[in-house]
2 protein chains.
Amino acid sequence: MLSAIMEDYLKAIYYLQNEADDRVRTSVLAEYMDVEQPTVTSMMKKLSERDFVLYEPYRGVELTDTGVPIALEIIRHHRLLERYLTDHLEYDWAEVHDEADRLEHHISSKFADRIAEQLGQPAVDPHGDPIPTANLDVSGAKDGERLADHQVGDSVQIVRVPDTDPDLLRYLSKHGILPGTVVDVVEIAPFGMVTLDPDSGDGPVALPEEVACSISTQSLTQSSH
Amino acid sequence: MLSAIMEDYLKAIYYLQNEADDRVRTSVLAEYMDVEQPTVTSMMKKLSERDFVLYEPYRGVELTDTGVPIALEIIRHHRLLERYLTDHLEYDWAEVHDEADRLEHHISSKFADRIAEQLGQPAVDPHGDPIPTANLDVSGAKDGERLADHQVGDSVQIVRVPDTDPDLLRYLSKHGILPGTVVDVVEIAPFGMVTLDPDSGDGPVALPEEVACSISTQSLTQSSH
DNA sequence: TGAAATAATTAGATAAGGCTAAATTTATAA
DNA sequence: TTATAAATTTAGCCTTATCTAATTATTTCA
């Protein structure tokens with residue numbers, strides 16, 4: 001059918017396409033996949049030949065209608081596994097990513113559906129990322145605003161945090177910053193650092209700009225732009 | 001580390017070594033792995049270079065002390081997964097083999113240990129095959145006698161059934177032949193076919209010689225040889 | 001607008017795991 | 001014990017996914 005590696009490329013293209021809604025450049029994909037550019041070029045040719053992507057040399061790549069559901073299926077597997085590992089197998093949310101990243105390519109749809117059933121058809125994974133339904137619908141997912149885009153004084157609810165860095169996740173949970181947590185924005189430094197006061201009462205936490213940009217939120221007060 | 005394919009070879013050698021306690025021939029391994037002989041030869045060179053097997057050209061192969069625990073770990077994964085799929089994810093015992101065969105290479109030891117814990121450290125998989133402990137101990141496993149070696153009139157308990165053929169497994173469970181079932185041997189035909197009467201009362205079942213040889217049992221009466 | 005910088009592709013190599021055909025070793029049996 | 005049969009290995013090729021080095025497009029900016 002399709003190798004685990006090819007699935008990973010499709011997943012990456014899906015992700016990067018949503019990040020910057022434009023065709024995905026070879027260089028961006030190479031960086032993200034941690035391979036050299038020629039590797040990406042040759043892979044794009046293969047995926048393009050099999051109609052999973054639309055590839056125009058020197059112009060970047062995008063998923064076709066054949067490629068999208070494959071990416072979504074893998075994403076569904078990944079996020080269900082993450083949910084399952086934390087909820088049923090007592091994994092810490094910081095450590096689920098790697099295990100899910102391997103298993104996502106090897107579980108059957110049946111396996112995915114069974115754990116979804118066991119979990120009560122969850123809508124999001126432990127990091128707040130939306131889980132596509134069995135028929136690969138993602139319409140329920142809301143985008144949210146970037147934490148970095150709020151203003152001092154705003155009260156916001158955390159919707160999503162990035163899932164790949166275990167150390168960051170441990171740091172965030174230690175300071176009470178989890179999906180669902182309500183925080184007040186107490187300071188935004190000129191170099192972009194955001195200081196928060198979580199309602200858990202653990203005291204203020206400062207986050208560098210990069211992190212604040214990758215955390216997705218929902219406004220509770222209306223003062224944000 | 002070690003590819004999924006290499007792990008499969010080690011698992012196969014472990015199995016074949018126990019079947020016919022002698023060095024495993026290239027041809028036997030090729031047949032079992034469903035590849036051509038030269039493929040086996042080149043793989044044995046690689047595994048031998050890395051000290052997982054002892055390989056003597058033209059003389060067959062056997063696992064080293066480095067290779068055995070790797071095979072056992074994979075077998076542990078496989079059997080725990082089979083148990084987990086049937087007990088927690090409502091799989092039928094006939095369909096667990098293939099899913100487990102893929103996943104066994106991709107779950108971490110942690111994952112295996114967690115599901116073992118959830119299952120209460122089970123001793124056997126759904127087909128009656130013993131599950132190595134976390135420290136890869138298999139001393140608790142008893143060999144049992146082949147069903148085919150009993151005599152008419154014997155009352156025997158089913159210990160293990162072969163796990164790879166879904167159709168056979170469906171047939172066996174439909175007729176009440178499961179690990180733990182007690183059956184009476186009512187006939188042994190000259191061409192090896194064994195007829196059983198399971199205590200479940202579903203009436204007699206006939207099994208061809210090959211199947212009767214691959215089912216492992218324990219005597220309840222003492223009349224068997 | 002044209003030269004320099006940047007991005008992307010082509011060319012050619014490598015390692016893993018598989019294959020077929022040919023050569024070689026071991027086993028069998030006359 | 002020697003000739004044939006069977007088993008095994010060698011040789012050489014293929015595909016996938018990767019790499020480096022060299023070439024070619026595309027941008028950028030003076």
Side-chain angles (χ1 to χ4, degrees), chain A residues 1-14 16-17 19-20 22-63 66-67 70-71 74 101-102 104-106, chain B residues 1-14 16-17 19-20 22-63 66-67 70-71 74 101-102 104-106:
Chain A
M1 201 52 343
L2 205 55
S3 72
I5 305 257
M6 285 179 163
E7 288 179 350
D8 269 333
Y9 277 94
L10 295 181
K11 189 175 67 150
I13 296 166
Y14 182 90
L16 295 169
Q17 220 168 239
E19 280 294 285
D22 196 11
R23 277 185 286 200
V24 179
R25 313 307 310 254
T26 306
S27 51
V28 175
L29 199 41
E31 162 85 26
Y32 188 83
M33 292 293 292
D34 197 23
V35 296
E36 298 303 319
Q37 289 195 17
T39 306
V40 172
T41 301
S42 80
M43 183 55 86
M44 290 313 103
K45 283 184 185 165
K46 281 176 210 158
L47 290 174
S48 165
E49 243 167 52
R50 296 176 61 179
D51 250 341
F52 297 119
V53 301
L54 191 79
Y55 167 60
E56 242 183 292
Y58 296 101
R59 287 280 127 85
V61 74
E62 63 187 318
L63 293 179
T66 317
I70 294 172
I74 301 301
D101 237 21
R102 267 178 293 116
E104 63 186 8
H105 305 291
H106 305 289
Chain B
M1 191 76 322
L2 204 57
S3 70
I5 304 254
M6 283 177 163
E7 288 179 351
D8 268 334
Y9 277 94
L10 295 181
K11 189 175 68 151
I13 296 166
Y14 183 90
L16 294 169
Q17 219 167 242
E19 280 293 285
D22 197 8
R23 277 186 286 200
V24 179
R25 311 310 308 254
T26 305
S27 51
V28 174
L29 199 40
E31 162 87 25
Y32 188 82
M33 293 292 292
D34 197 21
V35 295
E36 299 301 318
Q37 288 197 19
T39 306
V40 172
T41 301
S42 79
M43 182 55 84
M44 290 313 103
K45 283 183 185 165
K46 282 175 207 160
L47 289 175
S48 164
E49 243 166 51
R50 297 177 61 181
D51 250 339
F52 297 119
V53 302
L54 191 80
Y55 167 59
E56 239 183 293
Y58 296 101
R59 286 281 127 82
V61 74
E62 63 188 315
L63 293 179
T66 316
I70 293 173
I74 301 301
D101 236 20
R102 267 179 292 117
E104 63 187 8
H105 306 291
H106 306 288

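Nothing here was measured: the structure is a model prediction, and the numbers come from that model. Throughout, protein chains are lettered first and strands after them, A, B, ... in sequence-line order, and every chain is numbered starting at 1.
- Looking at the side chain of A/Tyr58, the nearest of the listed nucleotides D/dT18, D/dT9, D/dT24 is D/dT24.
- The NE2-C1' distance, from A/His105 to D/dA17, rounds to 14 Å in whole Å.
- Residue A/Arg25 has its side chain nearest to C/dA8 when only C/dA8, C/dA27, D/dA17 are considered.
- Going from atom CE of B/Met43 over to atom C1' of C/dA16 covers 8 Å, rounded to whole Å.
- Of the candidate nucleotides C/dG18, D/dT9, D/dT18, D/dT18 has the atom lying nearest to any side-chain atom of A/Tyr9.
- Within the structure, a side-chain polar atom (N or O) of B/Lys45 is placed less than 4.0 Å from OP1 or OP2 of D/dT10.
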Test side-chain contact (heavy atoms from CB on, under 4.5 Å) applied to A/Lys11 and A/Glu104, step by step: CA-CA 11 Å; A/Lys11 189 175 67 150; A/Glu104 63 186 8; 2.8 Å; yes

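- At distances below 3.5 Å, at least one donor-acceptor pair connects side-chain atoms of B/Arg25 with backbone N or O atoms of B/Tyr58.
- Here the P atom of nucleotide C/dT10 and the NZ atom of A/Lys46 are 13 Å apart, to the nearest Å.
- The side chain of B/Ile5 lies closest to C/dG17 when the candidates are C/dG17, C/dT10, C/dA7.
- Within the nucleic acid shown, A/Thr39 comes within 4.0 Å of at least one base atom, counting heavy atoms only.
- For D/dT9, the OP1/OP2 oxygens have a side-chain nitrogen or oxygen of B/Thr26 closer than 4.0 Å.
- Proximity note for B/Val35 (side chain, C-beta onward) versus C/dC19, C/dT10, D/dT9: the nearest is C/dC19.
- Atom pair B/Gln37:CD and C/dG17:P shows a separation of 19 Å (rounding to whole Å applied).
- Contacts of B/Met6 with the nucleic acid, taken as non-hydrogen atoms under 4.0 Å apart, involve only primed sugar atoms and P, OP1 or OP2.
- In the set D/dC19, C/dG17, C/dC19, the nucleotide with an atom closest to the side chain of B/Glu36 is C/dC19.
- Residue-level contact check: B/Ser3 touches the backbone only, with heavy atoms under 4.0 Å from sugar-phosphate atoms and none from bases.
- Contact between the side-chain N/O atoms of A/Ser27 and the OP1/OP2 oxygens of C/dA8 is found at a separation under 4.0 Å.
- Between B/Met44 and B/Thr26 the shortest side-chain heavy-atom distance does not fall below 4.5 Å.
- Side-chain atoms of B/Pro38 lie closest to C/dC19 of the nucleotides D/dT27, C/dC19, D/dA17.
- If you take CD of B/Glu31 and P of D/dT8, they are 12 Å apart, rounded to a whole angstrom.
- In this structure, B/Met33 and B/Val40 have side chains that are not in contact, with every pair of non-hydrogen atoms separated by 4.5 Å or more.
- Close to D/dT27, at under 4.0 Å from its OP1 or OP2, lies a side-chain N or O of A/Arg59.
- Taking side-chain N and O atoms only, B/Thr41 has no distance below 4.0 Å to OP1 or OP2 of D/dT10.
- Test B/Leu47, B/Ile74, B/Ile5 against B/Leu10 for side chain to side chain contact (heavy atoms under 4.5 Å, CB included) and you get one pass: B/Leu47.
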